[in-house]
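Down below is the structure, laid out as structure tokens.
Since the model is a prediction, treat every value here as computed from it, not as a measurement. Residues take their numbers from the sequence shown, with the count starting at 1. Note that ligands are numbered from 1 as they come in the structure, with each ligand's atoms numbered from 1 the same way.
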Amino acid sequence: MPKLSNLSQGRGYLAIPGPSVMPEAVLNAMHRPAPNIYAGEIVDMMPPLMEDLRRIAGTQHHVAMYIGNGHAAWEASLSNVVAPGDKVLVPATGRFGHGWGDAATGIGADVEVMDFGLQSTMDIDQIADRLEADTNHEIKAVLAVHVDTSTSVVNDIAGLRAALDAADHPALLMVDCIASFACDRFEMDNWGADVMVTACQKGLMVPPGVSFVFFNDRAAAVRDAMPRVSRFWDWTPRANPEEFYQYHCGTAPTHHIYGLRAALDMIHDEGLEAVWQRHETLARAVWAACDAWGAEGDLSLNIADPALRSHAVTALRLKAPQATELRDWVEGNIGLTLGIGLGMAPKGSPESHGFFRLGHMGHVNGQMIMGMLGGIEAGMSALGIKRGSGALEAAAKVIGGA
Ligand SMILES: *Cc1c(COP(=O)(O)O)cnc(C)c1O
């Protein structure tokens with residue numbers, strides 16, 4: 001229970017890996033009466049919105065927008081190119097890889113999971129061997145998660161493309177960028193992704209509710225050869241609408257369109273390279289603090305190699321139940337909400353209380369990160385959690401550019 005000295009009044013920081021912090025500009029843009037959906041502003045807003053999304057994705061090709069969350073984008077993408085009985089390969093590096101694979105099972109695919117565990121990236125060589133062995137080209141698609149939000153690992157998508165090319169394998173390379181979009185560098189066309197899915201509530205800083213599927217001409221050809229694609233998921237009319245309603249297969253997500261416009265303007269004003277750079281610097285500050293804390297006691301970064309860590313989210317390990325105690329303390333006492341550990345141990349098990357995550361995606365700046373780290377320091381101090389010293393100084397040096 002909150003104590004008399006509770007310090008949680010004031011602006012909170014929801015430091016979970018999605019939904020992320022919503023900018024005032026986004027919320028203000030959404031606070032308006034419903035527009036006419038048959039003519040006028042909302043109709044004119046869509047083409048430039050799609051263009052700006054393509055620019056962030058690094059693709060010249062197509063994008064379809066869906067009313068729905070990330071799971072909807074998973075299902076949308078699969079529904080267009082994977083028929084019942086088709087084989088898909090899922091190199092999993094955490095909960096979300098398994099989740100997308102499960103979505104494929106749900107639409108009747110024959111799913112083969114290559115599980116790379118919870119603390120490492122994909123082993124591209126092993127995947128290459130599997131592709132080489134598939135001489136009949138039964139694998140129709142490879143479902144790869146760029147940043148698995150549960151483990152905070154970042155996977156080498158260009159490397160996966162190279163493996164497919166080296167094996168001369170025609171499988172589509174499908175990539176989940178839901179956590180990484182507008183946070184970690186991603187270049188769809190340059191890296192050779194055929195399909196990419198993302199959603200609006202993480203790096204795009206918009207309340208959950210819309211998601212996107214990007215696809216190239218190769219993927220479009222696979223869709224055209226499908227025995228059937230259900231009307232709602234079909235990406236073709238959404239990406240090439242003759243009528244406005246076709247963008248969304250019905251009523252437009254009017255307020256999300258306004259919010260998204262504001263968010264894309266913010267990203268554009270800052271510059272995409274600068275957005276990626278900001279995320280990298282803030283992530284390095286977080287890691288510097290965690291390294292210092294981890295020098296004594298039980299805290300450790302889930303992904304040991306900094307080159308394999310996402311800039312959007314950091315997964316951490318602590319002695320159970322200290323992670324849960326720490327999350328409870330900072331949320332109850334100082335207005336800071338940290339992410340739960342996800343997929344690291346069975347839900348509710350004693351071990352599950354030894355994992356937590358820090359979301360640092362989207363509308364996040366230097367003082368927020370220093371505040372989050374300071375808050376964690378306060379929590380560990382209050383709870384008597386053993387840790388190394390100098391964490392805040394180490395983070396401050398990164399933030400200060402030293
Ligand atoms: C958040 C997330 C999802 C799921 O998105 P929902 O909107 O919760 O359905 C899928 N994949 C990744 C990598 C994510 O970070």
Side-chain angles (χ1 to χ4, degrees), residues 14-22 56-57 65-79 88 90-107 111 113 116 118 121-122 142-157 160 173-186 188 193 195-214 233 253 256 259-260 263 279 283 302-303 308-315 337-344 347 355-362 364:
L14 181 68
I16 68 174
S20 63
V21 175
M22 310 285 159
I56 297 176
M65 181 167 167
Y66 294 86
I67 295 178
N69 59 15
H71 282 66
W74 279 346
E75 181 135 352
S77 63
L78 295 166
S79 298
V88 300
V90 179
T93 55
R95 168 79 167 262
F96 289 96
H98 291 285
W100 203 6
D102 187 53
T105 301
I107 65 155
V111 178
V113 176
F116 295 103
L118 299 174
T121 188
M122 295 172 185
V142 178
L143 312 186
V145 176
H146 182 215
V147 165
D148 200 301
T149 325
S150 60
T151 61
S152 69
V153 75
V154 63
N155 286 300
D156 177 8
I157 301 304
L160 210 45
L173 176 53
M174 302 176 66
V175 185
D176 172 343
C177 289
I178 297 172
S180 57
F181 198 70
C183 300
D184 284 279
R185 175 179 297 278
F186 181 80
M188 179 168 168
V195 176
M196 186 269 274
V197 301
T198 193
C200 69
Q201 78 272 23
K202 299 188 183 181
L204 283 178
M205 311 175 285
V206 174
V210 294
S211 55
F212 311 93
V213 179
F214 300 82
W233 294 129
H256 274 78
L260 201 52
H279 280 85
N302 185 56
I303 300 297
L308 302 180
R309 290 181 199 146
S310 166
H311 299 157
V313 53
T314 298
T337 303
L338 307 178
I340 57 168
L342 200 60
M344 306 302 277
K347 199 168 179 235
F355 302 93
F356 67 117
R357 293 175 301 157
L358 310 179
H360 34 94
M361 48 176 53
V364 185

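Residue, atom and distance of the protein heavy atom nearest to atom 5 (O) of ligand 1 are Gly70 CA, 3.4 Å. When hydrogens are left out, the protein atom nearest atom 8 (O) of ligand 1 is His71 ND1, 4.0 Å; that is the closest non-hydrogen contact.
Remark: ligand 1 and Ile178 share no N or O pair separated by less than 3.5 Å (distance only, no angle test).
With Arg357 contributing its side chain and Gly339 its backbone, the two residues share no donor-acceptor pair below 3.5 Å. In this structure, the side chain of Asn69 does not engage the main chain of Pro208 through any donor-acceptor pair within 3.5 Å. Ser211 places a side-chain N or O within donor-acceptor distance of the main-chain N or O of Gly68, the cut-off being under 3.5 Å.
Within the 4.5 Å cutoff, no side-chain heavy atoms of Val153 are placed close to those of Phe116.
Neither the backbone nor the side chain of Ala199 comes within 4.0 Å of ligand 1, counting heavy atoms alone.
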For Leu118 and Phe355, what are the C-alpha separation, side-chain angles and deciding distance, and is it a side chain to side chain contact (heavy atoms under 4.5 Å, CB included)?
CA-CA 12 Å; Leu118 299 174; Phe355 302 93; over 6 Å; no

Should Phe181 and Met196 be marked as a side chain to side chain contact (heavy atoms under 4.5 Å, CB included) after you check the CA-CA gap, both sets of side-chain angles, and the distance that decides it?
CA-CA 10 Å; Phe181 198 70; Met196 186 269 274; 3.5 Å; yes

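Per-residue contacts place Gln201 under 4.0 angstrom from the following atoms of ligand 1 (heavy atoms of the residue considered): 6 (P), 7 (O). Annotation for ligand 1: atoms under 4.0 Å from non-hydrogen atoms of Thr149 are 12 (C), 13 (C), 14 (C), 15 (O).
In this structure, Lys202 has a heavy atom closer than 4.0 Å to ligand 1. Assignment of Trp74 to the shell around ligand 1 is supported, since a heavy atom sits closer than 4.0 Å.
The aromatic rings of Trp74 and Trp100 sit parallel, their planes meeting at an angle under 30°, below the 60° perpendicular limit.
If you check each of Asn69, Val147, Asp176 against atom 12 (C) of ligand 1, the one with the closest non-hydrogen atom is Asp176.
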